[in-house]
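Residue numbers begin at 1 in each chain, while the letters A, B, ... track the order of the sequences.
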There are 2 protein chains.
Amino acid sequence: MPRKRSLTTDQLAAAALAVVDRDGLAVLTMRTVAQELNMGTMSLYRYVTDREQLERLVVELVLGGVDFTVPDLPTWQERIAELCERIRLAVQAHPAMVPLLLVHRHASPGVRRSGEAMLSVLAGAGFAGERRVIAFRALVSYLIGALQAEGLGPLSGAGTDVLATLGEQYPYLAETAVSARGVTPQREFGEGLALLLRGLTP
Amino acid sequence: MPRKRSLTTDQLAAAALAVVDRDGLAVLTMRTVAQELNMGTMSLYRYVTDREQLERLVVELVLGGVDFTVPDLPTWQERIAELCERIRLAVQAHPAMVPLLLVHRHASPGVRRSGEAMLSVLAGAGFAGERRVIAFRALVSYLIGALQAEGLGPLSGAGTDVLATLGEQYPYLAETAVSARGVTPQREFGEGLALLLRGLTP
DNA sequence: ACCTGAACACCGTTCAAGT
DNA sequence: ACCTGAACACCGTTCAAGT
C-alpha cells in the first residue's frame with residue numbers, strides 16, 4: 001500500500017474517458033492519458049499495472065453511475081426494461097467506449113452488479129434453473145448487441161443513407177433503411193427489448 | 001489492374017485467418033501474416049491497401065462460406081432461425097475473429113447479404129415499415145450479442161466457474177452460473193433466439 | 001511488373017535513476 | 001515515497017530501391 005498519491009483512480013479513469021470521448025478509442029494510449037494529466041507516461045503505472053486495467057477503470061467509471069437497485073414497478077417486464085434503459089442512458093453518453101464493455105465484461109464489478117440485478121428480477125418472476133439461464137443470456141446478448149449497434153452508428157445515421165443507395169443489389173436493405181430514418185435509438189432499443197420480453201415466460 | 005500476382009486475395013485472407021485461429025486476434029499483424037506466407041511484410045500492400053482491408057478479407061472469408069438462400073421451411077420463424085444458425089455455425093469455427101464481424105459490420109458484403117436474406121423473410125411474413133425496422137434490428141442485436149458472448153467465452157466455460165465462487169457477493173449470479181453448466185452454446189443460442197421470435201408478430 | 005528492405009512515427013512496458 | 005526518462009521490442013505505413 002503506497003502512501004500518498006497525487007491522483008485518485010477516479011481522476012485517472014476520468015482522464016482516460018475524456019480522451020476516448022474526445023478522440024475515440026483508437027487514441028486511448030498510456031501516453032495520451034498521461035498527457036491529459038500532464039504527467040510522465042510511466043507515472044500511470046503507479047496507479048495501474050496494465051493498459052488493460054486502465055480500460056477496466058473506464059468501464060467502472062461509466063457503469064459506476066448506474067443505479068442497479070431494482071425499480072419499484074408493477075410488472076417484472078417493466079423492471080427489466082427500466083434496468084436496461086438505465087444502462088443504455090449511461091453508456092449512450094460515451095458511445096466510443098462501448099467496445100470496452102464487451103472486452104471486459106467478465107472482469108468488471110459493474111457488469112456483475114447489473115447481472116445480479118437482472119437475475120434477481122427474473123428469479124422473482126419465477127424463472128428458475130436452465131430457463132433462467134436462457135432468459136438471462138438472451139437479455140444480455142440483446143443488450144450488448146443493441147448497445148454496440150447504437151455506439152457504432154445508429155440505423156438512422158450516415159450508414160443508413162449509404163444502404164438506401166444500394167437499391168439494386170439489396171432491395172430490402174434499401175427499403176428498410178428508408179423506414180429506419182424515423183426510428184430514434186431510444187425507440188429502437190426499447191421496442192426491440194419489448195419484443196424479447198414479450199416472448200419471455202417463466 | 002496489375003498483371004500477375006503470386007497470391008489470390010483468398011489465400012491472403014486464409015493466411016490471416018490461420019494466424020487468428022492459431023494465435024488469436026491480438027497477434028494479427030501485417031508482419032505475422034507476411035511471415036505466414038513467407039513474404040516480406042510490404043508485399044501484402046500489393047493486395048491490400050490497409051490493415052483494415054485485410055481484416056475485411058477475413059470477415060468475407062468466414063461469411064463467404066455461408067449459404068444465404070432462404071431455406072424452404074414451413075414457418076418464417078424457422079426460416080429466420082435456420083439462417084441465424086448457419087451464421088452461428090460458420091462463425092463458431094473461428095471464434096477469435098468475432099470482434100472483426102462487429103467492427104466491419106457496415107462495410108462487409110457478407111454482412112449485407114445476410115441482412116438482405118433476413119429482411120426478405122420478414123417482409124414475406126408481413127412485416128412492413130417501422131415494424132420491420134424494429135424486428136430486424138432486434139434480431140441483429142441478438143445475433144451480434146450472442147455470437148460475441150459465445151466467442152468471448154460461453155457461460156458454461158471457465159468464467160462461469162469463477163462466477164460460481166462469488167456466492168456471497170452475487171448470489172443469483174453464482175446460482176445461475178451453476179445451472180448454466182448444462183447449457184450448450186447451441187442450445188443457448190437457439191432457445192434465446194426462439195424467445196425473441198416468440199415475441200415477434202407482424 | 002512485381003516485390004521488399006530501410007526508415008519513420010508510433011505502441012506498451014522494463015528498469016534504473018531522479019527528487 | 002513517489003515520479004519519470006531512456007531504452008527495448010514491438011506496431012502500421014511511406015518511400016525509394018531492388019529484381
**Student:** Sequence neighbours excluded, which residues qualify as side chain to side chain donor-acceptor pair (under 3.5 Å) partners of R187(A)?
**Tutor:** E191(A), E130(B)
**Student:** Examine the side chains of E116(A) and Q169(B) and answer whether a donor and an acceptor come within less than 3.5 Å of each other.
**Tutor:** no
**Student:** With a 4.0 Å cut-off on heavy atoms, is S43(B) in touch with a base, just the backbone sugar-phosphate, or nothing at all?
**Tutor:** base
**Student:** M42(B) CE to dG12(D) P: how many Å, rounded?
**Tutor:** 10 Å
**Student:** Consider side chain to side chain donor-acceptor pair (under 3.5 Å). Of E60(A), E55(A), R56(A), which one does S108(A) pass it with?
**Tutor:** E60(A)
**Student:** dG12(D), dC2(C), dC3(D): which one has an atom nearest the side-chain heavy atoms of Y47(A)?
**Tutor:** dC3(D)
**Student:** For the pair R132(B) (side chain) and F127(B) (backbone), establish whether a donor and an acceptor sit closer than 3.5 Å, ignoring hydrogens and angles.
**Tutor:** yes
**Student:** With a 3.5 Å distance limit and no angle check, can you tell me whether E188(B) reaches the backbone of V183(B) through a side-chain donor-acceptor pair?
**Tutor:** no
**Student:** Take atom CG of L44(B) and atom C1' of dC2(C), then tell me their distance rounded to the nearest Å.
**Tutor:** 14 Å
**Student:** Are E36(A) and R31(A) ion-paired here, with the side-chain N under 4.0 Å from a carboxylate O?
**Tutor:** no
**Student:** Dot-bracket for DNA chain D, 5' to 3', with Watson-Crick and G-U pairs under 3.5 Å, [ ] for crossing pairs and | for other-strand pairs: what is it?
**Tutor:** ||.|||||...|||||.||
**Student:** Between T29(B) and T32(B), is there a donor-acceptor pair closer than 3.5 Å when you use the side chain of the first and the backbone of the second?
**Tutor:** no
**Student:** Quick one: is R51(B) getting a side-chain N or O under 4.0 Å of the dG12(D) phosphate, OP1 or OP2?
**Tutor:** yes
**Student:** Which whole-number value in Å describes the distance from Q53(B) CD to dT13(D) P?
**Tutor:** 11 Å
**Student:** Using heavy atoms to find the nearest nucleotide of DNA chain D for D50(B) and R31(A) separately, return the residue whose nucleotide is more 5′.
**Tutor:** R31(A)
**Student:** Indicate whether OP1 or OP2 belonging to dT14(C) is found under 4.0 Å from a side-chain N or O atom of Y45(A).
**Tutor:** no
**Student:** Tell me, please, whether F189(B) has R88(B) positioned over its six-membered ring: NZ or CZ under 6.0 Å from the ring centre and within 45 degrees of its axis?
**Tutor:** yes
**Student:** In this structure, how many angstroms lie between the P atom of dT13(C) and the CZ atom of R46(A), rounded?
**Tutor:** 15 Å
**Student:** Distance check needed: dC11(C) P versus L28(B) CG, whole Å only.
**Tutor:** 20 Å
**Student:** Between dC3(C) atom P and M30(B) atom CE, what is the distance in whole Å?
**Tutor:** 14 Å
**Student:** When you compare the side chains of T8(A) and D10(A), does any donor N or O come within less than 3.5 Å of an acceptor on the partner?
**Tutor:** no
**Student:** Could you identify which residues of residues 32-41 of chain A place a heavy atom less than 4.0 Å from some atom of DNA chain D, listed by residue number, or say none?
**Tutor:** M39(A), G40(A)
